[in-house]
K.L.:
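Starting off with a structure, shown below.
Just so you know, these numbers use all the heavy atoms, side chains as well, and skip hydrogens, waters and symmetry mates.
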Amino acid sequence: MSLQEQIIAELRVKPEINVEEEVRKRVNFLKEYVLKSGTKGLLIAISGGIDSAVATALCKQATDELTEEKGEEYKTLGVFQPYGEQVDIAHSYAVAKAFDLKYTVETNIEEAVNEIALEVEHGFKSLGAPRHMTPQGKGNVKARTRMVVQYALSFEMNLLVVGTDHASEAITGFYTKWGDGAVDITPLTSLNKRQVRQIAAYVGVPQEVLDKAPTAGLWEGQTDEKELGITYDDNSDYLEGKEINAEAREKLEAAYLRTAHKRNAIPGI
């Protein structure tokens, strides 16, 4: 078995999907997990990007169906988490409106992140090597701070924290360990980015979200494809078992091997 075949098997990506069937399967998955967990619904951080928009649609459908079937309220809480002023925050609100979320909250993480960064920089100074955190290091703090807030809300409201990670991120390890990768349930796991986009169009994600360049939004000017040096078309083609150019293939496979620690259980002895 080739490395490509191993990766596809591990990440469980299909070469093509029936969108309607995939939506039904993933909504059922969310409903069953909520009922087994004894919680009262789902929490989804709405970033303004396509992945969280699709997850929001699935969550809202799941909790609406549970409310109707069980005769008691199950809720989807949408959380907006800007760092200071987020230029595309309107896209987050547009997603919440598109899927008629009754419950939303905005929690600005800027002050908390800056305090953590300041303490880290005090640590550098005490080590005799004073410097500022790198944009990448501070970006990881942002991702992890967002999860601290999400879990505080979910605990108090008895909700499950939903993640948006999918196979196109998993193959490259393009998420923050114990940040956006630290969640209770991931309904997009076995989809590649192309398939996420197919579902987005089907469920009615706002056009301005469909059209925007994918970005984690952790520092100014960051986009996924620029940072990775790989297009999502090549990424998705690879995960569908197609041949791609040698340079993109090498980058994908190297990233997969380099980031195995993010996908594996914590080692111990």
Side-chain angles (χ1 to χ4, degrees), residues 7-8 10-13 26 29-30 33 37 39 42-56 58-59 77-83 92 107 109 112-113 116-117 120 133-155 159-193 195-196 199 214-219 222-225 227-228 230 232 235-236 239 251-268:
I7 291 170
I8 292 169
E10 179 188 327
L11 300 181
R12 299 181 287 115
V13 181
R26 291 162 202 282
F29 170 69
L30 289 167
Y33 201 83
S37 68
T39 53
L42 302 163
L43 180 155
I44 177 71
I46 307 176
S47 68
I50 194 169
D51 303 335
S52 67
V54 170
T56 299
L58 299 177
C59 289
L77 173 65
V79 184
F80 314 124
Q81 296 187 292
Y83 172 83
S92 299
T107 61
I109 63 166
V113 169
I116 293 169
V120 172
M133 291 193 74
T134 62
Q136 293 80 5
K138 194 168 182 180
N140 286 340
V141 172
K142 292 176 185 178
R144 292 176 178 132
T145 301
R146 288 188 170 107
M147 299 317 301
V148 169
V149 175
Q150 288 178 50
Y151 269 98
L153 286 166
S154 71
F155 176 80
L159 305 174
L160 292 169
V161 176
V162 178
T164 63
D165 295 339
H166 50 73
S168 286
E169 291 180 340
I171 189 175
T172 56
F174 195 68
Y175 54 90
T176 300
K177 194 173 185 179
W178 313 131
D180 50 322
V183 294
D184 293 317
I185 188 168
T186 53
L188 309 180
T189 300
S190 57
L191 299 169
N192 65 31
K193 189 73 169 186
Q195 293 163 349
V196 172
I199 292 176
T215 174
L218 296 179
W219 57 86
Q222 185 270 345
T223 67
D224 297 359
E225 292 180 326
E227 185 177 350
L228 289 167
I230 308 165
Y232 273 122
N235 180 310
S236 296
L239 288 169
K251 284 183 177 179
L252 277 171
E253 292 179 349
Y256 171 81
L257 295 172
R258 185 175 64 250
T259 60
H261 66 98
K262 292 188 174 185
R263 296 180 299 272
N264 296 341
I266 299 172

K.L.:
To the nearest 0.5 Å, what is the distance between CG on Leu188 and CD on Glu169?
P.N.:
9.0 Å
K.L.:
Can you name the residues that form a salt bridge (charged side-chain N to carboxylate O under 4.0 Å, His left out) with Arg258, not counting sequence neighbours?
P.N.:
none
K.L.:
If the condition is side-chain hydrogen bond (donor to acceptor under 3.5 Å, both in side chains), which residues does Asn192 pass it with, not counting sequence neighbours?
P.N.:
Glu240
K.L.:
Taking the side chain as every heavy atom from C-beta outward, state whether Phe29 and Ile185 have any pair of such atoms under 4.5 Å apart.
P.N.:
yes
K.L.:
Could you list the residues that satisfy side-chain hydrogen bond (donor to acceptor under 3.5 Å, both in side chains) with Ser190, not counting sequence neighbours?
P.N.:
Arg26
K.L.:
Just jot down the side chain to side chain contact (heavy atoms under 4.5 Å, CB included) partners of Ala260, sequence neighbours excluded, or say none.
P.N.:
Arg263, Asn264
K.L.:
Donor-acceptor check, side chain of Lys262 to backbone of Tyr175, threshold 3.5 angstrom: yes or no?
P.N.:
yes
K.L.:
Search all heavy atoms of Ser47 against all heavy atoms of Gly49 and return the closest pair with its distance.
P.N.:
OG-N, 3.1 Å
K.L.:
Given the rule in the side chain to side chain contact (heavy atoms under 4.5 Å, CB included) test, do Asp184 and Tyr151 qualify, once you have shown the distances and angles that lead to the verdict?
P.N.:
CA-CA 10 Å; Asp184 293 317; Tyr151 269 98; 3.0 Å; yes
K.L.:
Please report the C-alpha distance between Thr172 and Leu252 in whole Å, then the side-chain angles of each, then the deciding distance to 0.1 Å, and finally whether the side chain to side chain contact (heavy atoms under 4.5 Å, CB included) criterion is met.
P.N.:
CA-CA 6 Å; Thr172 56; Leu252 277 171; 3.7 Å; yes
K.L.:
According to side chain to side chain contact (heavy atoms under 4.5 Å, CB included), who are the partners of Ile8, at least two apart in sequence or on a separate chain?
P.N.:
Gln4
K.L.:
Working to the nearest 0.5 angstrom, can you tell me the gap between Arg144 CZ and Asp180 CG?
P.N.:
9.5 Å
K.L.:
Restricting to side-chain hydrogen bond (donor to acceptor under 3.5 Å, both in side chains), what partner residues turn up for Glu253, sequence neighbours left out?
P.N.:
Tyr238, Arg249
K.L.:
Given Thr176 and Met147, is the side chain to side chain contact (heavy atoms under 4.5 Å, CB included) satisfied, shown in steps?
P.N.:
CA-CA 11 Å; Thr176 300; Met147 299 317 301; over 6 Å; no
K.L.:
Would you give the length of the straight line joining atom CG of Leu160 to atom CG of Leu77, rounded to the nearest 0.5 angstrom?
P.N.:
12.5 Å
K.L.:
I'd like to check the ring pair (Phe, Tyr, Trp, His ring centres under 6.0 Å) partners of Tyr83; sequence neighbours left out, ordered by chain and number.
P.N.:
none
K.L.:
Please report the closest heavy-atom contact between Leu239 and Ile7, naming both atoms and the distance.
P.N.:
CD2-CG2, 4.1 Å
K.L.:
Could you list the residues that satisfy side-chain hydrogen bond (donor to acceptor under 3.5 Å, both in side chains) with Asp165, not counting sequence neighbours?
P.N.:
none
K.L.:
Donor-acceptor pair, Asn235 side chain versus Ser168 backbone, under 3.5 Å?
P.N.:
yes
K.L.:
Apply side chain to side chain contact (heavy atoms under 4.5 Å, CB included) to Thr189 and list each qualifying residue two or more places apart in sequence or on a separate chain.
P.N.:
Arg12, Thr186
K.L.:
Is there a donor-acceptor contact under 3.5 Å linking the side chains of Thr164 and Ser52?
P.N.:
no
K.L.:
With rounding to the nearest 0.5 angstrom, report the CG to CD1 distance, Asn140 to Ile116.
P.N.:
12.0 Å
K.L.:
Between Ser154 and Leu43, which heavy-atom pair has the shortest distance, and what is it?
P.N.:
N-CD1, 4.0 Å
K.L.:
Looking at residues at least two apart in the chain, or sitting in another chain, which of them share a side chain to side chain contact (heavy atoms under 4.5 Å, CB included) with Ser92?
P.N.:
Ile46, Phe80, Gln86, Ile89
K.L.:
So, do His166 and Val54 sit near enough that their side-chain heavy atoms are less than 4.5 Å apart?
P.N.:
no
K.L.:
Using modelled atom types only, decide if a donor and an acceptor are shared between the side chain of Lys193 and the backbone of Tyr232 within a distance under 3.5 Å.
P.N.:
no
K.L.:
Is there side-chain contact between Leu159 and Thr39, with heavy atoms separated by less than 4.5 Å?
P.N.:
no
K.L.:
State the CZ-CD1 distance between Arg146 and Ile109, to the nearest 0.5 angstrom.
P.N.:
3.5 Å
K.L.:
Taking all non-hydrogen atoms of both residues, which atom of Leu11 and which atom of Ala167 are closest, and how far apart?
P.N.:
CD1-O, 3.8 Å
K.L.:
Distance from Thr145 atom OG1 to Lys138 atom NZ, nearest 0.5 Å?
P.N.:
10.5 Å
K.L.:
So does Tyr33 have more than 12 non-hydrogen atoms from other groups sitting under 6.0 Å from OH?
P.N.:
no
